Amino acid sequence: MLEELKEKVCRANLDLVKHGLVIFTWGNVSAIDRKSGLVVIKPSGVSYDNMKPEDMVVVDLDGNIVEGGLRPSSDTPTHLVLYRAFPNIGGVVHTHSTYATAWAQAGRDLPNIGTTHADYFHDDIPCTRNMSREEVFGEYEKETGNVIVECFKRINPDDTPAVLVKNHGPFTWGTDADNAVHNAVVLEQVAKMAFISSTVAASYNMDVWFGRLGKGPKMNKLLIEKHYSRKHGPNAYYGQKNK
């Protein structure tokens, strides 16, 4: 069942290792087959060193295991909430990549202060709010998905396909598993750039920077619109035309 999708999801999970986004078992990738409503996801706690396509687990959008001899990722309920809420996405990635996770642990939105960020994400990458006691000790992973969706009431998830879960780490998504991984790689890089930029800004005015955390470098909003629209807008001209 969904053998081709299992191959893609397995390869996408291994790509997280290749790009240095995960160590040990700190991450997962899933993809959805919208026709069947079934999701393929990495099994929980399985080493990347020995992972095979046949290890992938197939679940429905209610989290029921449809196929697979292993337990699905513990983050499966979060992925499922995102698939239900964001109908245009085809893949979801979760990592604990260093710089993106550092912004999440600081509880700060990742500011859009450069053209690299604007090429891929239209807005600041939002950081979720604190979770309540009921959310943490209830259906925690499902509620994690709900607080992510809450962040996107005023942000288009197709234009800004990433989020920082406060005190936890990043989630990204995309048109398929490969695209979601690509966005995760870019997110980590722009998080690193933003950290360095903020450090440089702070070195020039330490008192102001640390007294107004998050009020550091600003982006030319005209450049945000230009760089995002040239790749994603109706008149996009970056790259080659589809043949």
Side-chain angles (χ1 to χ4, degrees), residues 21 78-79 81-131 144-176 178-201 209 212-239:
L21 297 186
T78 308
H79 290 235
V81 169
L82 298 182
Y83 286 126
R84 290 194 296 267
F86 304 155
N88 295 329
I89 69 174
V92 175
V93 170
H94 172 51
T95 76
H96 291 256
S97 61
T98 304
Y99 283 89
T101 300
W103 285 90
Q105 291 182 169
R108 298 291 170 177
D109 294 354
L110 177 59
N112 186 347
I113 55 173
T115 60
T116 310
H117 184 130
D119 277 340
Y120 290 87
F121 309 107
H122 184 269
D123 298 293
D124 295 353
I125 307 300
C127 185
T128 62
R129 61 169 171 79
N130 284 324
M131 296 180 71
T144 298
N146 288 336
V147 298
I148 292 172
V149 173
E150 182 182 298
C151 270
F152 286 82
K153 288 181 178 179
R154 296 179 179 84
I155 302 173
N156 187 332
D158 299 332
D159 292 341
T160 303
V163 71
L164 305 173
V165 177
K166 189 174 182 181
N167 306 128
H168 187 174
F171 282 80
T172 61
W173 46 87
T175 54
D176 58 18
D178 290 337
N179 183 233
V181 170
H182 188 90
N183 289 335
V185 174
V186 175
L187 173 61
E188 176 64 6
Q189 187 62 23
V190 297
K192 182 177 181 179
M193 290 175 175
F195 171 78
I196 295 171
S197 299
S198 300
T199 303
V200 171
W209 173 246
R212 298 168 61 234
L213 188 61
K215 304 294 185 182
K218 295 297 182 183
M219 176 64 168
N220 181 335
K221 293 188 181 299
L222 297 174
L223 285 175
I224 292 176
E225 297 304 326
K226 177 65 175 179
H227 273 261
Y228 189 80
S229 63
R230 72 174 188 161
K231 293 188 74 171
H232 306 283
N235 298 312
Y237 60 86
Y238 182 92

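In this text, all values refer to a predicted model and were calculated from it rather than measured experimentally.
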Test salt bridge (Lys or Arg N to Asp or Glu O under 4.0 Å) applied to Arg129 - qualifying residues, sequence neighbours left out
Glu135, Glu150
Can you list the residues that meet the salt bridge (Lys or Arg N to Asp or Glu O under 4.0 Å) rule with Asp124, with sequence neighbours excluded?
none
Show, in sequence, the C-alpha distance, side-chain angles and deciding distance for Ser229 and Asn235, and conclude whether the side-chain contact (heavy atoms from CB on, under 4.5 Å) test is met.
CA-CA 7 Å; Ser229 63; Asn235 298 312; over 6 Å; no
pair [X]-[Y]: side-chain heavy atoms closer than 4.5 Å:
| X | Y | value |
| --- | --- | --- |
| Asn183 | Pro161 | yes |
| Phe171 | Ile148 | yes |
| Lys166 | Cys127 | yes |

Donor-acceptor under 3.5 Å ([X] side chain, [Y] main chain):
| X | Y | answer |
| --- | --- | --- |
| Tyr83 | Thr78 | no |
| Trp173 | His79 | no |
| Asp176 | Gly91 | no |

Check side chain to side chain donor-acceptor pair (under 3.5 Å) between Tyr99 and all other residues, then give those that pass, not counting sequence neighbours.
none
Among residues at least two apart in sequence or on other chains, which ones pass side chain to side chain donor-acceptor pair (under 3.5 Å) with Gln105?
none
Before giving the answer on side-chain contact (heavy atoms from CB on, under 4.5 Å), spell out for His122 and Asn156 the whole-Å C-alpha distance, their side-chain angles and the decisive distance to 0.1 Å.
CA-CA 9 Å; His122 184 269; Asn156 187 332; over 6 Å; no
Residue pair Val186, His117: steps toward the side-chain contact (heavy atoms from CB on, under 4.5 Å) verdict:
CA-CA 8 Å; Val186 175; His117 184 130; over 6 Å; no
Tell me, please, which residues at least two apart from [X] pass side-chain contact (heavy atoms from CB on, under 4.5 Å).
| X | value |
| --- | --- |
| His96 | Trp26, His94, Thr101, His168 |
| Asn167 | Asn130 |
| Ala100 | Ser97, Leu164, Pro170, Leu187, Glu188, Ala191 |
| Ile155 | Asp123, Pro126, Phe152, Thr160 |

Option passing side chain to side chain contact (heavy atoms under 4.5 Å, CB included) with Thr128 (candidates Thr144, Asn146, Asp109, Val147)
Val147
Nearest 0.5 angstrom please: [X] [atom1] to [Y] [atom2], how far?
| X | Y | atom1 | atom2 | value |
| --- | --- | --- | --- | --- |
| Lys192 | Thr116 | NZ | OG1 | 13.0 Å |
| Asn112 | Ile125 | CG | CD1 | 7.5 Å |
| Thr98 | Phe195 | OG1 | CZ | 11.5 Å |
| Met193 | Ile113 | CE | CD1 | 10.5 Å |

Which heavy atom in Ala162 sits nearest to a heavy atom in Thr172, and how many Å separate them?
CB-CG2, 3.8 Å
